[in-house]
Amino acid sequence: MEQICLILLLISKALSVGAQFNGYNCDANFHSRFPAERDISVYCGVQTITLKINFCPVLFSGYTDTDLALNGRHGDAHCRGFINNNTFPTVVLFSISLATLETCGNALVVSTAQGPNAYGNLSLVQIGNISGYIDTPDPPTIISYLPGLLYKFSCSYPLEYLVNNTQLASSAAAISVKDSNGTFVSTLSLLLYNDSSYVQQLSIPMAGLTLKTRVFAAVKATNLDRRWNVLMDYCYTTASGNPNDELRYDLFFSCDKDPQTTVFENGKSQMGRFAFEVFRFVKHKNQKMSTVFLHCVTKLCRADDCPMLMPICGSRKKRDVSERTESNSASGNAIITAGPIITRSDETPMNNSQLAQLNSPVFRMNTVTSALISGIIILGVMSLCFFILSLTLLKGKRAPPTILSGARNPAFN
C-alpha cells in the first residue's frame, strides 16, 4: 500500500512539473532546479551585446519571461527580453545596443592601462567595460517564498587592435574582426587615395607607381558607436604582406616620424589620415618593381580621452594618468594592412660588371673639399684670362707706327 502511495505521489509531481513546462522546450529531469551561473551566456559584439538565459529554471522558480528585466527596469518594455522557443532549452534573449546602452541602466567604465603593444613599444591603451544585471521584481509583501533571481554580466573591450590579413587586394584591404570573448570588435579599413580630398581611391597601374609619388592613406572605422574615435598609434611598412616581417620601415610612432610622412588627422574622429612618399626596398634592387605593404596599429578611444593618449612630443613623455591606471593590459590585438603598393624603377638594366662597380667603394667629398676645389678652378680660369689679356696689351704697344700716304696739307705748317 505504501509503495502504491509513493508511486502516485511521484506521478502527481511529474504531472505538475510537466504542466509547469507545458509548451516550452524543457526537460523535467534536467531543469527542475533553481538557476545557476551556467544558465546565462554573454556574447560581446561590435554593435550589440546579446544575453541568453535558460528559461526553464526560471519557470521552475515560479516566474515568467515578463518578470525578467535589465537593471531593475521592470516597468520599461524596452528593457525586457523575448522568448526563443526554437532552441533546446527555451531561452530568453536580451539585446543591448552599444549606441544606447545607458537607456536601461547599463554602465560603461573606461580605464587606462600602460603597457607594451604588439611590438613591445610602451603605449597607453584604454579598456572599456560594460556591465549590468538581469533580475526579478521584489514582491509587494513583507515576505516571499519565491527565490530572487539575479544574473550579472560584463563585457571587457581592449581598445587597441592590430588587424592582420595577408590576402590583400592590389590597393587596399578591409578586414572585419570576429566576435570573441569580450574583445571589442569593429570593422576597420586602411584605404589608399589619390589626393588629399580622400574621395577617389588609389588605382595602382600595372607598371607600378613612380618613386616619390605621394600616397594618401586613411584608417576608417565603420559600424562603430560614435562615442569612439580612431587613434593611429604606429604605422610601418614591410616588403611582404607579413606584418611580423623583420624587414620593416617605420612611418611614424609616437613622436618619431619619417621626414616624408605627414599626419593630417589623428584621434579627432572615426578616421585617421596621413600621407607618405612611395619608395622601394633596397632588397628589390635587381627587380623592375618593388612591393610595399602598409600596416597600422590602431586604438579606439573616447573623444574626451584621445588627447590624453596623444604623446607630448616636446618632452617625449605621456601624460600622467597614474591615478587612473589599472594593471590590465590590452589583448586581442588586430592588424590593419594595405598593399601591395607597387613601385617601378626607371633605371636601365645593368650587367654583372656594372653591378660590381656599383658595389665597389665610392670616394665621397665633403662640403669643404668641394668648395676648395671649386675655388681653385675659378681662380685658375681667372688667371688664364688675365694672362691672355696681358699678352694682348703688350703686343699692341710694340706695333710699328703706321705710314700715312697722300698729299701734305700746307695749313698744318
Side-chain angles (χ1 to χ4, degrees), residues 44-49 97-102 106-115 117-118 121-130 155-163 172 174-177 182-193 196 198 216-235 251-255 257 261-275 294-313 318-319 321 324-326 328-338:
C44 306
V46 56
Q47 293 179 305
T48 58
I49 297 176
S97 174
L98 296 186
T100 58
L101 58 89
E102 292 91 349
N106 301 293
L108 169 63
V109 178
V110 178
S111 59
T112 303
Q114 185 173 13
N117 61 14
N121 299 318
L122 289 178
S123 179
L124 290 177
V125 179
Q126 287 191 322
I127 301 174
N129 185 273
I130 299 174
C155 282
S156 181
Y157 294 91
L159 303 179
E160 177 169 308
Y161 298 94
L162 190 58
V163 183
I175 302 95
S176 178
V177 189
T183 300
F184 191 79
V185 180
S186 61
T187 301
L188 300 173
S189 59
L190 177 54
L191 304 176
L192 305 177
Y193 294 88
S196 59
Y198 287 89
F216 297 83
V219 178
K220 299 176 64 176
T222 56
N223 298 326
L224 186 65
D225 180 32
R226 302 303 302 179
R227 79 184 70 207
W228 305 109
N229 285 354
V230 168
L231 178 62
M232 300 176 296
D233 187 44
Y234 174 38
C235 289
L251 296 181
F252 63 88
F253 170 70
S254 186
C255 295
K257 184 173 66 67
T261 301
T262 304
V263 179
F264 300 111
E265 182 180 5
N266 196 16
K268 297 181 179 180
S269 67
Q270 291 195 343
M271 181 176 180
R273 301 179 297 123
F274 66 98
L294 181 62
H295 316 275
C296 279
V297 178
T298 304
K299 296 177 181 178
L300 298 177
C301 55
R302 293 190 299 186
D304 296 338
D305 296 337
C306 284
M308 178 192 65
L309 300 178
M310 297 290 290
I312 303 176
C313 295
K318 301 285 186 178
R319 297 182 186 271
V321 290
R324 299 179 55 189
T325 302
E326 296 182 356
N328 298 327
S329 60
S331 60
N333 291 331
I335 296 182
I336 306 177
T337 300

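Heavy-atom basis, side chains included; hydrogens, waters and symmetry copies ignored.
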Specify the closest pair of heavy atoms between [X] and [Y], including all atoms of both residues, with the distance to one decimal.
{"X": "Cys301", "Y": "Leu309", "value": "CB-CD1, 3.6 Å"}
{"X": "Leu98", "Y": "Thr48", "value": "CG-N, 4.2 Å"}
{"X": "Ala99", "Y": "Arg227", "value": "O-NH2, 3.6 Å"}
{"X": "Val230", "Y": "Gly272", "value": "CG1-N, 4.3 Å"}
{"X": "Tyr157", "Y": "Ile49", "value": "OH-CG1, 3.5 Å"}
{"X": "Cys306", "Y": "Asn229", "value": "SG-CB, 3.8 Å"}

Between atom [atom1] of [X] and atom [atom2] of [Y], what is the distance when rounded to the nearest 0.5 Å?
{"X": "Leu251", "Y": "His295", "atom1": "CG", "atom2": "NE2", "value": "10.0 Å"}
{"X": "Cys155", "Y": "Asn106", "atom1": "SG", "atom2": "CG", "value": "10.0 Å"}
{"X": "Trp228", "Y": "Gln270", "atom1": "CH2", "atom2": "CD", "value": "11.0 Å"}
{"X": "Cys235", "Y": "Lys257", "atom1": "SG", "atom2": "NZ", "value": "12.5 Å"}

* Asked: Do Asn266 side-chain atoms and Met232 backbone N/O form a donor-acceptor pair below 3.5 Å?
  -> yes
* Are the side chain of Ser189 and the backbone N or O of Leu191 linked by a donor-acceptor pair below 3.5 Å? ->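 Such a contact is absent between Ser189 side chain and Leu191 backbone.
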Between [Y] and [X], is there a side-chain heavy-atom distance shorter than 4.5 Å?
{"X": "Asn129", "Y": "Leu108", "answer": "no"}
{"X": "Asp233", "Y": "Thr298", "answer": "no"}
{"X": "Ile130", "Y": "Glu102", "answer": "no"}

* Asked: Between Phe274 and Phe252, is the gap from one ring center to the other below 6.0 Å?
  -> yes
* Asked: Strictly under 6.0 Å, is that where the ring centroids of Phe216 and Tyr193 end up?
  -> no
* Asked: In chain order, what residues pass the side chain to side chain donor-acceptor pair (under 3.5 Å) check against Thr261, with sequence neighbours excluded?
  ->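 For Thr261, the residues satisfying side chain to side chain donor-acceptor pair (under 3.5 Å) (neighbours in sequence not counted) are Asp258.
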* Is any side-chain N of the basic residue among Lys220 and Glu265 closer than 4.0 Å to the acidic one's carboxylate O? -> no
